[in-house]
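Below, read A as the first sequence line, B as the second, and so on, with proteins coming before strands; counting in each chain starts at 1.
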Protein chains: 2
Amino acid sequence: MTRATPAEDACTNALPTAALGGPVSHAVSRVARLHRIAAGKVLKGVDLYPGQELLMMHLWDRGAVRQTELIRALELDPSTVTKMLQRLEQTGHVRRRPDPADRRAVLVEATDESCALHTAVENAWGSLEEHTLAGLDPAERTELVRLLAKVEENLCRETEDCPDRRGAASG
Amino acid sequence: MTRATPAEDACTNALPTAALGGPVSHAVSRVARLHRIAAGKVLKGVDLYPGQELLMMHLWDRGAVRQTELIRALELDPSTVTKMLQRLEQTGHVRRRPDPADRRAVLVEATDESCALHTAVENAWGSLEEHTLAGLDPAERTELVRLLAKVEENLCRETEDCPDRRGAASG
DNA sequence: ACCCATTCATTGGCCGACCAAGGTAAAGTT
DNA sequence: AACTTTACCTTGGTCGGCCAATGAATGGGT
(Lines give C-alpha, C1' and ligand atoms only; values in the text may rest on other atoms or scores of the structure.)
Protein backbone atom coordinates (compact mmCIF):
# COMPACT_ATOMS: atom_id res chain seq x y z
CA MET A 1 0.00 0.00 0.00
CA THR A 2 2.28 2.75 -1.13
CA ARG A 3 -0.61 5.04 -1.99
CA ALA A 4 1.50 6.35 -4.79
CA THR A 5 0.12 9.05 -7.07
CA PRO A 6 -3.23 10.41 -6.04
CA ALA A 7 -4.88 10.37 -9.44
CA GLU A 8 -4.76 6.66 -10.09
CA ASP A 9 -5.56 5.85 -6.55
CA ALA A 10 -8.83 7.62 -6.89
CA CYS A 11 -10.06 5.39 -9.66
CA THR A 12 -9.21 1.79 -8.99
CA ASN A 13 -6.21 2.02 -6.72
CA ALA A 14 -4.45 -0.29 -9.16
CA LEU A 15 -1.94 1.48 -11.34
CA PRO A 16 -2.42 0.72 -15.00
CA THR A 17 0.55 -0.80 -16.74
CA ALA A 18 0.78 2.37 -18.73
CA ALA A 19 1.58 4.36 -15.64
CA LEU A 20 4.24 1.94 -14.57
CA GLY A 21 5.88 1.65 -17.95
CA GLY A 22 5.79 5.35 -18.69
CA PRO A 23 4.71 7.60 -15.88
CA VAL A 24 5.62 10.80 -17.66
CA SER A 25 4.06 9.80 -20.94
CA HIS A 26 0.96 8.90 -19.07
CA ALA A 27 0.94 12.14 -17.15
CA VAL A 28 1.50 14.19 -20.25
CA SER A 29 -1.51 12.68 -21.99
CA ARG A 30 -3.71 13.21 -19.01
CA VAL A 31 -2.60 16.71 -18.27
CA ALA A 32 -2.94 17.67 -21.90
CA ARG A 33 -6.44 16.35 -22.06
CA LEU A 34 -7.53 18.08 -18.90
CA HIS A 35 -5.83 21.25 -19.97
CA ARG A 36 -7.62 21.17 -23.29
CA ILE A 37 -10.94 20.74 -21.57
CA ALA A 38 -10.20 23.59 -19.23
CA ALA A 39 -9.21 25.74 -22.18
CA GLY A 40 -12.44 24.83 -23.89
CA LYS A 41 -14.46 26.02 -20.95
CA VAL A 42 -12.58 29.25 -20.64
CA LEU A 43 -12.85 29.91 -24.36
CA LYS A 44 -16.51 29.13 -24.61
CA GLY A 45 -17.24 32.67 -23.61
CA VAL A 46 -15.39 34.05 -26.60
CA ASP A 47 -16.80 31.74 -29.24
CA LEU A 48 -13.52 29.96 -29.91
CA TYR A 49 -12.50 26.33 -29.77
CA PRO A 50 -9.27 25.29 -28.12
CA GLY A 51 -6.50 25.63 -30.62
CA GLN A 52 -8.10 28.47 -32.48
CA GLU A 53 -7.06 30.95 -29.84
CA LEU A 54 -3.40 30.44 -30.62
CA LEU A 55 -4.01 31.14 -34.25
CA MET A 56 -5.95 34.27 -33.43
CA MET A 57 -3.29 35.46 -31.05
CA HIS A 58 -0.73 35.19 -33.75
CA LEU A 59 -2.94 37.17 -36.07
CA TRP A 60 -3.51 39.84 -33.49
CA ASP A 61 0.20 40.03 -32.97
CA ARG A 62 1.35 40.21 -36.53
CA GLY A 63 -1.52 41.47 -38.62
CA ALA A 64 -1.95 40.10 -42.12
CA VAL A 65 0.22 37.09 -42.68
CA ARG A 66 0.25 34.32 -45.16
CA GLN A 67 -0.82 30.88 -44.22
CA THR A 68 2.68 29.52 -44.34
CA GLU A 69 3.68 31.76 -41.52
CA LEU A 70 0.86 30.46 -39.37
CA ILE A 71 1.88 26.93 -40.18
CA ARG A 72 5.42 27.63 -39.13
CA ALA A 73 4.49 29.59 -36.04
CA LEU A 74 1.94 27.12 -34.76
CA GLU A 75 3.90 24.18 -36.07
CA LEU A 76 0.82 22.55 -37.43
CA ASP A 77 0.04 20.60 -40.52
CA PRO A 78 -0.93 22.77 -43.49
CA SER A 79 -4.22 21.00 -43.85
CA THR A 80 -5.02 21.63 -40.23
CA VAL A 81 -4.51 25.33 -40.66
CA THR A 82 -6.55 25.42 -43.83
CA LYS A 83 -9.50 23.84 -42.11
CA MET A 84 -9.20 25.95 -39.04
CA LEU A 85 -9.18 29.05 -41.19
CA GLN A 86 -12.20 27.91 -43.11
CA ARG A 87 -14.09 27.61 -39.86
CA LEU A 88 -12.74 30.83 -38.44
CA GLU A 89 -13.73 32.58 -41.63
CA GLN A 90 -17.20 31.19 -41.41
CA THR A 91 -17.57 32.37 -37.84
CA GLY A 92 -16.35 35.79 -38.88
CA HIS A 93 -13.14 35.87 -36.89
CA VAL A 94 -10.85 35.88 -39.85
CA ARG A 95 -10.71 37.20 -43.37
CA ARG A 96 -8.70 35.83 -46.26
CA ARG A 97 -7.68 37.49 -49.45
CA PRO A 98 -5.25 36.53 -52.17
CA ASP A 99 -1.73 37.83 -51.84
CA PRO A 100 -1.14 40.27 -54.69
CA ALA A 101 2.57 39.52 -54.64
CA ASP A 102 2.20 35.77 -54.99
CA ARG A 103 -0.79 34.34 -56.70
CA ARG A 104 -0.68 31.01 -54.95
CA ALA A 105 -0.49 32.49 -51.47
CA VAL A 106 -3.28 33.78 -49.27
CA LEU A 107 -3.19 36.58 -46.77
CA VAL A 108 -4.98 36.05 -43.52
CA GLU A 109 -5.97 38.67 -41.01
CA ALA A 110 -8.18 39.02 -38.00
CA THR A 111 -11.44 40.83 -38.55
CA ASP A 112 -12.25 43.95 -36.57
CA GLU A 113 -14.94 42.13 -34.64
CA SER A 114 -12.43 39.52 -33.60
CA CYS A 115 -10.14 42.20 -32.25
CA ALA A 116 -12.77 42.90 -29.66
CA LEU A 117 -12.04 39.44 -28.29
CA HIS A 118 -8.35 40.09 -28.03
CA THR A 119 -8.40 41.17 -24.43
CA ALA A 120 -10.92 38.58 -23.41
CA VAL A 121 -8.79 35.82 -24.86
CA GLU A 122 -5.69 37.00 -23.12
CA ASN A 123 -7.55 37.20 -19.87
CA ALA A 124 -8.87 33.73 -20.46
CA TRP A 125 -5.37 32.44 -21.03
CA GLY A 126 -4.16 34.21 -17.99
CA SER A 127 -6.74 32.64 -15.77
CA LEU A 128 -6.18 29.27 -17.37
CA GLU A 129 -2.51 29.56 -16.62
CA GLU A 130 -3.17 30.56 -13.08
CA HIS A 131 -5.61 27.75 -12.63
CA THR A 132 -3.12 25.30 -14.06
CA LEU A 133 -0.38 26.45 -11.74
CA ALA A 134 -2.40 26.94 -8.60
CA GLY A 135 -0.45 25.89 -5.58
CA LEU A 136 2.93 25.98 -7.26
CA ASP A 137 5.36 28.49 -5.91
CA PRO A 138 7.49 30.56 -8.28
CA ALA A 139 10.44 28.20 -8.07
CA GLU A 140 8.28 25.25 -8.99
CA ARG A 141 6.79 27.12 -11.89
CA THR A 142 10.16 28.01 -13.26
CA GLU A 143 11.31 24.47 -12.86
CA LEU A 144 8.26 23.11 -14.60
CA VAL A 145 8.80 25.41 -17.54
CA ARG A 146 12.41 24.40 -17.71
CA LEU A 147 11.67 20.69 -17.62
CA LEU A 148 8.90 20.97 -20.17
CA ALA A 149 11.23 22.83 -22.47
CA LYS A 150 13.75 20.07 -22.14
CA VAL A 151 11.15 17.46 -22.92
CA GLU A 152 9.99 19.48 -25.87
CA GLU A 153 13.52 19.59 -27.12
CA ASN A 154 13.77 15.85 -26.87
CA LEU A 155 10.54 15.19 -28.66
CA CYS A 156 11.24 17.83 -31.23
CA ARG A 157 14.58 16.41 -32.10
CA GLU A 158 13.68 12.97 -33.26
CA THR A 159 10.26 13.98 -34.46
CA GLU A 160 12.08 16.33 -36.78
CA ASP A 161 8.98 18.40 -36.85
CA CYS A 162 10.76 21.59 -35.98
CA PRO A 163 12.05 22.67 -39.33
CA ASP A 164 14.74 25.10 -38.36
CA ARG A 165 16.67 23.75 -35.46
CA ARG A 166 19.96 25.53 -35.08
CA GLY A 167 21.59 24.30 -31.94
CA ALA A 168 20.54 27.01 -29.56
CA ALA A 169 20.00 24.63 -26.68
CA SER A 170 21.82 25.20 -23.49
CA GLY A 171 21.06 25.22 -19.82
CA MET B 1 19.66 38.86 -27.83
CA THR B 2 18.52 37.01 -24.77
CA ARG B 3 18.26 33.76 -26.69
CA ALA B 4 15.47 32.77 -24.35
CA THR B 5 13.84 29.40 -24.80
CA PRO B 6 15.30 27.42 -27.64
CA ALA B 7 12.09 26.29 -29.23
CA GLU B 8 10.63 29.68 -30.06
CA ASP B 9 13.95 31.07 -30.97
CA ALA B 10 14.25 28.54 -33.71
CA CYS B 11 11.13 29.69 -35.44
CA THR B 12 10.86 33.42 -35.47
CA ASN B 13 12.81 34.47 -32.42
CA ALA B 14 9.77 36.50 -31.43
CA LEU B 15 7.79 34.99 -28.62
CA PRO B 16 4.12 34.74 -29.40
CA THR B 17 1.78 36.44 -27.01
CA ALA B 18 0.55 33.03 -26.02
CA ALA B 19 3.94 32.14 -24.64
CA LEU B 20 4.11 35.34 -22.65
CA GLY B 21 0.61 35.15 -21.30
CA GLY B 22 0.76 31.46 -20.45
CA PRO B 23 4.11 29.81 -20.78
CA VAL B 24 3.06 26.60 -19.15
CA SER B 25 -0.20 26.33 -21.04
CA HIS B 26 1.71 26.89 -24.19
CA ALA B 27 4.33 24.35 -23.32
CA VAL B 28 1.76 21.78 -22.37
CA SER B 29 0.01 22.02 -25.72
CA ARG B 30 3.24 21.76 -27.63
CA VAL B 31 4.68 18.94 -25.62
CA ALA B 32 1.44 17.04 -25.82
CA ARG B 33 1.29 17.38 -29.55
CA LEU B 34 4.88 16.31 -30.05
CA HIS B 35 4.42 13.49 -27.64
CA ARG B 36 1.41 12.26 -29.53
CA ILE B 37 3.30 12.31 -32.79
CA ALA B 38 6.17 10.44 -31.23
CA ALA B 39 3.74 7.89 -29.84
CA GLY B 40 2.21 7.53 -33.26
CA LYS B 41 5.55 6.71 -34.78
CA VAL B 42 6.44 4.19 -32.14
CA LEU B 43 3.03 2.56 -32.37
CA LYS B 44 2.99 2.36 -36.12
CA GLY B 45 4.91 -0.87 -35.88
CA VAL B 46 2.16 -2.52 -33.86
CA ASP B 47 -0.80 -1.38 -35.92
CA LEU B 48 -2.24 0.89 -33.26
CA TYR B 49 -3.09 4.57 -33.20
CA PRO B 50 -2.09 6.73 -30.28
CA GLY B 51 -4.72 6.43 -27.62
CA GLN B 52 -5.66 2.90 -28.50
CA GLU B 53 -2.61 1.51 -26.76
CA LEU B 54 -3.88 2.66 -23.39
CA LEU B 55 -7.14 0.91 -23.95
CA MET B 56 -5.39 -2.27 -25.00
CA MET B 57 -3.09 -2.13 -22.01
CA HIS B 58 -6.04 -1.98 -19.73
CA LEU B 59 -7.56 -4.96 -21.46
CA TRP B 60 -4.36 -6.93 -21.22
CA ASP B 61 -4.21 -6.09 -17.56
CA ARG B 62 -7.70 -6.92 -16.57
CA GLY B 63 -9.13 -9.32 -19.11
CA ALA B 64 -12.80 -9.04 -20.02
CA VAL B 65 -14.31 -5.85 -18.71
CA ARG B 66 -17.36 -3.90 -19.49
CA GLN B 67 -17.19 -0.69 -21.36
CA THR B 68 -18.00 1.39 -18.35
CA GLU B 69 -14.84 0.26 -16.69
CA LEU B 70 -12.80 1.37 -19.65
CA ILE B 71 -14.55 4.70 -19.60
CA ARG B 72 -13.73 5.15 -15.96
CA ALA B 73 -10.18 3.92 -16.21
CA LEU B 74 -9.26 5.95 -19.26
CA GLU B 75 -11.44 8.84 -18.19
CA LEU B 76 -12.85 9.29 -21.63
CA ASP B 77 -16.20 10.11 -23.02
CA PRO B 78 -18.45 7.07 -23.52
CA SER B 79 -18.89 7.83 -27.16
CA THR B 80 -15.15 8.02 -27.63
CA VAL B 81 -14.72 4.56 -26.21
CA THR B 82 -17.52 3.17 -28.29
CA LYS B 83 -15.93 4.39 -31.46
CA MET B 84 -12.47 3.30 -30.50
CA LEU B 85 -13.79 -0.15 -29.79
CA GLN B 86 -15.62 -0.32 -33.09
CA ARG B 87 -12.34 0.36 -34.83
CA LEU B 88 -10.35 -1.96 -32.66
CA GLU B 89 -12.90 -4.65 -33.27
CA GLN B 90 -12.66 -4.15 -36.98
CA THR B 91 -8.89 -4.41 -36.88
CA GLY B 92 -9.20 -7.59 -34.86
CA HIS B 93 -7.60 -6.38 -31.67
CA VAL B 94 -10.69 -6.63 -29.57
CA ARG B 95 -13.79 -8.72 -29.24
CA ARG B 96 -17.12 -7.70 -27.79
CA ARG B 97 -19.93 -9.82 -26.53
CA PRO B 98 -23.04 -9.06 -24.53
CA ASP B 99 -22.78 -9.35 -20.77
CA PRO B 100 -25.02 -12.22 -19.72
CA ALA B 101 -25.52 -10.65 -16.31
CA ASP B 102 -26.71 -7.31 -17.63
CA ARG B 103 -28.41 -7.11 -20.94
CA ARG B 104 -27.54 -3.49 -21.58
CA ALA B 105 -23.83 -3.98 -20.91
CA VAL B 106 -21.11 -5.25 -23.20
CA LEU B 107 -18.03 -7.24 -22.30
CA VAL B 108 -14.81 -6.32 -24.03
CA GLU B 109 -11.67 -8.37 -24.20
CA ALA B 110 -8.44 -8.45 -26.11
CA THR B 111 -8.17 -11.05 -28.82
CA ASP B 112 -5.43 -13.63 -28.71
CA GLU B 113 -3.70 -12.08 -31.68
CA SER B 114 -3.61 -8.76 -29.91
CA CYS B 115 -1.88 -10.37 -26.94
CA ALA B 116 1.07 -10.99 -29.20
CA LEU B 117 1.46 -7.22 -29.31
CA HIS B 118 1.48 -6.87 -25.58
CA THR B 119 5.22 -6.96 -25.18
CA ALA B 120 5.85 -4.86 -28.25
CA VAL B 121 3.56 -2.15 -26.97
CA GLU B 122 5.19 -2.07 -23.59
CA ASN B 123 8.57 -1.84 -25.21
CA ALA B 124 7.30 0.94 -27.41
CA TRP B 125 6.07 2.82 -24.38
CA GLY B 126 9.33 2.25 -22.63
CA SER B 127 11.34 3.68 -25.45
CA LEU B 128 8.92 6.56 -25.83
CA GLU B 129 9.33 7.35 -22.19
CA GLU B 130 13.08 7.18 -22.43
CA HIS B 131 13.08 9.34 -25.50
CA THR B 132 10.87 11.87 -23.76
CA LEU B 133 13.09 12.04 -20.75
CA ALA B 134 16.45 11.91 -22.45
CA GLY B 135 18.94 14.13 -20.72
CA LEU B 136 16.99 14.44 -17.50
CA ASP B 137 18.64 13.02 -14.46
CA PRO B 138 16.64 10.99 -11.94
CA ALA B 139 15.99 13.95 -9.70
CA GLU B 140 14.61 15.97 -12.58
CA ARG B 141 12.39 13.11 -13.64
CA THR B 142 10.96 12.73 -10.20
CA GLU B 143 10.38 16.43 -9.99
CA LEU B 144 8.67 16.51 -13.36
CA VAL B 145 6.33 13.74 -12.34
CA ARG B 146 5.57 15.50 -9.12
CA LEU B 147 4.84 18.81 -10.79
CA LEU B 148 2.72 17.23 -13.48
CA ALA B 149 0.72 15.45 -10.83
CA LYS B 150 0.13 18.74 -9.10
CA VAL B 151 -1.00 20.35 -12.31
CA GLU B 152 -3.24 17.42 -13.01
CA GLU B 153 -4.78 17.83 -9.61
CA ASN B 154 -5.45 21.47 -10.32
CA LEU B 155 -7.02 20.86 -13.67
CA CYS B 156 -8.93 17.88 -12.40
CA ARG B 157 -10.45 19.77 -9.58
CA GLU B 158 -12.35 22.44 -11.41
CA THR B 159 -12.92 20.33 -14.46
CA GLU B 160 -14.70 17.95 -12.14
CA ASP B 161 -13.97 15.22 -14.61
CA CYS B 162 -12.44 12.91 -12.05
CA PRO B 163 -15.45 11.26 -10.58
CA ASP B 164 -14.10 9.88 -7.36
CA ARG B 165 -11.76 12.31 -5.78
CA ARG B 166 -11.15 11.45 -2.15
CA GLY B 167 -8.38 13.67 -0.88
CA ALA B 168 -5.46 11.29 -1.10
CA ALA B 169 -3.03 13.95 -2.17
CA SER B 170 0.21 14.31 -0.33
CA GLY B 171 3.88 14.69 -1.12
C1' DA C 1 12.70 29.81 -73.56
C1' DC C 2 12.00 25.39 -71.53
C1' DC C 3 11.63 22.02 -68.06
C1' DC C 4 11.77 20.49 -63.43
C1' DA C 5 11.90 21.12 -58.54
C1' DT C 6 10.00 23.75 -54.87
C1' DT C 7 6.52 26.19 -52.49
C1' DC C 8 1.55 27.44 -51.29
C1' DA C 9 -2.68 25.91 -50.44
C1' DT C 10 -6.63 22.64 -50.80
C1' DT C 11 -9.17 18.28 -50.68
C1' DG C 12 -10.37 13.76 -48.82
C1' DG C 13 -9.81 10.38 -45.59
C1' DC C 14 -8.79 8.91 -41.07
C1' DC C 15 -8.48 8.97 -35.75
C1' DG C 16 -9.07 10.80 -31.01
C1' DA C 17 -12.03 13.54 -28.44
C1' DC C 18 -16.10 16.29 -27.13
C1' DC C 19 -21.28 17.17 -26.64
C1' DA C 20 -26.17 16.33 -27.24
C1' DA C 21 -29.71 13.23 -27.86
C1' DG C 22 -31.70 8.81 -28.03
C1' DG C 23 -32.99 3.79 -26.89
C1' DT C 24 -32.87 -0.01 -23.96
C1' DA C 25 -32.53 -2.26 -19.65
C1' DA C 26 -31.92 -2.35 -14.79
C1' DA C 27 -32.76 -0.35 -10.17
C1' DG C 28 -35.44 2.45 -6.96
C1' DT C 29 -40.05 4.62 -5.48
C1' DT C 30 -44.63 4.80 -4.53
C1' DA D 1 -47.42 -3.69 -10.23
C1' DA D 2 -46.68 0.78 -12.34
C1' DC D 3 -43.88 4.69 -12.61
C1' DT D 4 -39.56 7.19 -12.43
C1' DT D 5 -34.87 7.55 -12.19
C1' DT D 6 -30.54 5.94 -13.21
C1' DA D 7 -27.07 3.33 -15.77
C1' DC D 8 -25.09 1.45 -20.28
C1' DC D 9 -24.17 2.10 -24.82
C1' DT D 10 -24.92 3.96 -29.52
C1' DT D 11 -25.56 7.47 -33.13
C1' DG D 12 -24.70 11.87 -35.28
C1' DG D 13 -22.46 15.96 -35.42
C1' DT D 14 -18.37 19.02 -34.58
C1' DC D 15 -13.30 20.22 -33.96
C1' DG D 16 -8.39 19.68 -33.72
C1' DG D 17 -4.96 16.99 -35.65
C1' DC D 18 -2.43 13.85 -39.01
C1' DC D 19 -1.08 11.87 -43.76
C1' DA D 20 -1.31 11.37 -48.75
C1' DA D 21 -2.32 13.18 -52.97
C1' DT D 22 -3.50 17.04 -55.95
C1' DG D 23 -3.52 21.58 -58.44
C1' DA D 24 -1.53 26.00 -59.24
C1' DA D 25 2.14 29.31 -59.31
C1' DT D 26 6.97 30.52 -58.59
C1' DG D 27 11.81 29.91 -59.30
C1' DG D 28 16.07 27.75 -60.61
C1' DG D 29 18.81 25.19 -64.00
C1' DT D 30 20.21 24.28 -68.57
task: Verify the contact: side-chain N or O of R87(A) to OP1 or OP2 of dG16(D), cut-off strictly under 4.0 Å; return yes or no.
output: yes
Protein-nucleotide distance (L55(A), atom CG; dC15(D), atom C1'), rounded to Å: 14 Å
- request: Would you mind reading off the distance between R36(B) atom CZ and dG17(D) atom P, rounded to a whole angstrom?
  value: 11 Å
field: Cationic N near anionic O, under 4.0 Å, R104(A) to D99(A)
entry: no
query: Between K150(A) and E140(B), is there a side-chain N and carboxylate O pair less than 4.0 Å apart?
result: yes
message: Does dT11(C) have its OP1 or OP2 closer than 4.0 Å to a side-chain nitrogen or oxygen of Q86(A)?
response: yes
Which nucleotide in dC18(C), dG16(D), dA25(C) has an atom nearest any side-chain atom of R103(B): dA25(C)
- request: Kindly point out which of dC9(D), dG16(C), dA9(C) is positioned nearest to the side chain of Q67(A)?
  value: dA9(C)
message: Looking at E89(A) and K83(A), is any side-chain nitrogen of the basic one under 4.0 Å from a carboxylate oxygen of the acidic one?
response: no
task: Measure the distance from CG on L43(B) to P on dG16(C) and round it to the nearest whole Å.
output: 11 Å
task: Return the 5'-most residue of the pair K44(A), P50(B) with respect to DNA chain C, ranking by each residue's nearest nucleotide.
output: P50(B)
- line: Comparing nearest nucleotides in DNA chain D, the 5'-proximal residue of the pair P78(B), D102(A) is P78(B)
query: If you look at every strand shown and take non-hydrogen atoms under 4.0 Å, does I71(B) touch a base, only sugar-phosphate, or nothing?
result: nothing
- prompt: In whole angstrom, what separates D47(B)'s CG from dC15(C)'s C1'?
  reply: 13 Å
field: Interatomic distance where CG belongs to D77(B) and P belongs to dC9(D) [whole Å]
entry: 13 Å
query: Would you say Q52(B) reaches dC15(C)'s phosphate, i.e. side-chain N/O to OP1/OP2 under 4.0 Å?
result: no
- request: Compare the minimum distances between each of dC18(C), dT11(C), dC9(D) and the side chain of T82(A), then state the nucleotide with the smallest one.
  value: dT11(C)
task: Please tell me which of the listed nucleotides, dT7(C), dG12(C), dT10(C), lies nearest to the side chain of K83(A)?
output: dG12(C)
statement: Side-chain contact check for S79(B): nearest option of dC15(C), dC9(D), dA20(C) is dA20(C)
- prompt: Between atom NZ in K41(B) and atom C1' in dC19(D), what is the gap in whole Å?
  reply: 12 Å
- prompt: Is R104(B) side chain donor-acceptor paired with the dA7(D) base, going by distance under 3.5 Å alone?
  reply: yes
field: Carboxylate-amine/guanidinium proximity below 4.0 Å for R30(B) and E75(A)
entry: yes
query: Under 30°, 30 to 60°, or over 60°: which ring-plane class applies to H26(B) and W125(A), parallel, tilted or perpendicular?
result: perpendicular
message: Does D99(B) reach a base, just sugar-phosphate, or nothing at all? Heavy atoms under 4.0 Å.
response: nothing
- request: Just call it for T68(B): base, sugar-phosphate, or nothing, with non-hydrogen atoms closer than 4.0 Å on any strand.
  value: sugar-phosphate
